[in-house]
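Quick notes on the structure that follows.
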Amino acid sequence: MQTEHQQQSRPSSPARVLVVDDELTNLRLMGDLLNPHYEVLIARSVAEAREVLRTQLPDILLLDVMMPEVDGFSFCHELKGNDETRDLPIIFVTALHEEIDELKGFRLGAVDFIHKPISSPILLARVRTHLELKRRTDMLEQRALIDALTGIGNRRAYDLSLAAEWGRLQRKGSCLSMLVVDIDQFKLYNDFFGHRQGDECLQALAAALSKVISRASDQLMRYGGEEFVFVLPNTPLAGAVAVAEKLMVEVRALNMPQSPDADHDRVTVSVGVACLEPNNDQPPESLFLLADKQLYEAKGSGRNRICFSEEPRSPDE
Ligand SMILES: Nc1nc2c(ncn2[C@@H]2O[C@H](COP(=O)(O)OP(=O)(O)OP(=O)(O)O)[C@@H](O)[C@H]2O)c(=O)[nH]1
């Protein structure tokens, strides 16, 4: 799962460092030191830093403490209270030398302290160390969201994606669609071909389903077992049904033999589709329940088909 900010960051490009200091000489010194290694963003005040953060999320922030108007401690507190900037590593660069100040910074969530006058090798070493830690943490967090078998998002990614989109689209007043896709008679497949080939079938299915993702905001995840979920923001029911039809074409194109005991001689899927305008009265899971109900209809009426609610409805209607 990625935020809009994170989608803008480029994994192969140099790390981005934001330096906030009201003294021009300090900014020049740090800029000259960091520029050969990183993309450096500069702000002379907290107001300027806020402006930068509106469009670009840096990988690390070097923050002066004593500045007019808003000081560095207050800004750190503000950033730690914001979902978008909570995980941004902050290093205070300050002339304050008291233990109590340093402790305050750590309590507010800073990762380190660098004292002025600045030692160039120490500044570079600390920035490098914290960027490496951040890179590893990000990598582990990303891995924790990936399903090991299929390489697509896992159940945790689904939970996070649905919760985030539910909140975002509620604020925008836009609709959210969901597809629940389940392989038909997969037990028979496993029984006939064996579990290992069952795993390969799941991998091939995930790859085929991935092909129908065309918008950056659409997400495909493995809900569990032989069940997959698409989360489609800003997509009305008709659009979601169109995506379901495309995925049926991709699954048919796989042309994978099914067990002779199954209803169809090729691997097929059933799909339940639902669409809702997220609101405060229902939990995000209500969308899944609607789509799952449609999946149940699809299974009950012969499998290998798409079922959808005629129009957005609340689950208790
Ligand atoms: N190979 C493999 N099989 C799995 C995995 N996860 C779930 N399954 C199998 O998927 C099968 C699901 O079976 P059921 O829930 O009975 O459903 P079904 O046979 O697909 O029947 P319908 O859903 O009614 O079409 C079970 O045999 C599970 O063991 C997996 O990671 N790998």
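Along the sequence shown, residues are numbered consecutively beginning with 1. All ligand and atom numbering here is 1-based and tracks the order in the structure.
Here Leu205 contributes atom CG and Ile183 contributes atom CD1; the two are 4.0 Å apart, rounded to the nearest 0.5 Å.
The N/O atoms of Leu149, backbone and side chain alike, include none that comes under 3.5 Å of an N/O atom in ligand 1. For ligand 1, the polar-atom distance check against Leu188 finds no nitrogen or oxygen pair separated by under 3.5 Å.
Each of the following atoms of ligand 1 lies closer than 4.0 Å to a heavy atom of Leu202: 2 (C), 5 (C), 30 (C), 31 (O), 32 (N). The atoms of ligand 1 that sit less than 4.0 Å from any heavy atom of Arg222 are 5 (C), 6 (N), 30 (C), 31 (O). Taking every non-hydrogen atom of Asp182 and a distance limit under 4.0 Å, the qualifying atoms of ligand 1 come out as 23 (O). Numbered from 1 in the order shown, with element, the atoms of ligand 1 that lie under 4.0 Å from a heavy atom of Arg303 read 22 (P), 24 (O), 25 (O).
Looking at Arg136 and Glu132, a side-chain N of the basic residue comes within less than 4.0 Å of a carboxylate O on the acidic one, giving a salt bridge. A salt bridge is defined here as a Lys NZ or Arg NE, NH1 or NH2 lying under 4.0 Å from an Asp or Glu carboxylate O, and Arg155 with Asp147 fails to meet this definition. Between Arg135 and Asp138, no side-chain nitrogen of the basic residue sits less than 4.0 Å from a carboxylate oxygen of the acidic one, so the salt-bridge criterion is not met.
The closest approach between Glu200 and ligand 1 stays at or above 4.0 Å for every heavy atom of the residue.
For the pair Arg16 and Tyr38, the cation-pi test (distance below 6.0 Å, angle within 45°) is failed.
Results of the side-chain hydrogen bond (donor to acceptor under 3.5 Å, both in side chains) test with Asp21 over Arg28, Lys116, Arg44 single out Lys116 as the only residue that passes.
If you look at Asn190 next to ligand 1, the close heavy atoms, those under 4.0 Å, all belong to the side chain. When heavy-atom distances to ligand 1 are checked against a 4.0 Å cut-off, Arg196 has no atom that comes that close, whether in backbone or side chain.
Counting non-hydrogen atoms of other residues, nucleotides and ligands closer than 6.0 Å to CZ of Phe193 gives a total above 12.
For atom 15 (O) of ligand 1, the closest non-hydrogen atom on the protein side is Glu226 OE2, 3.7 Å.
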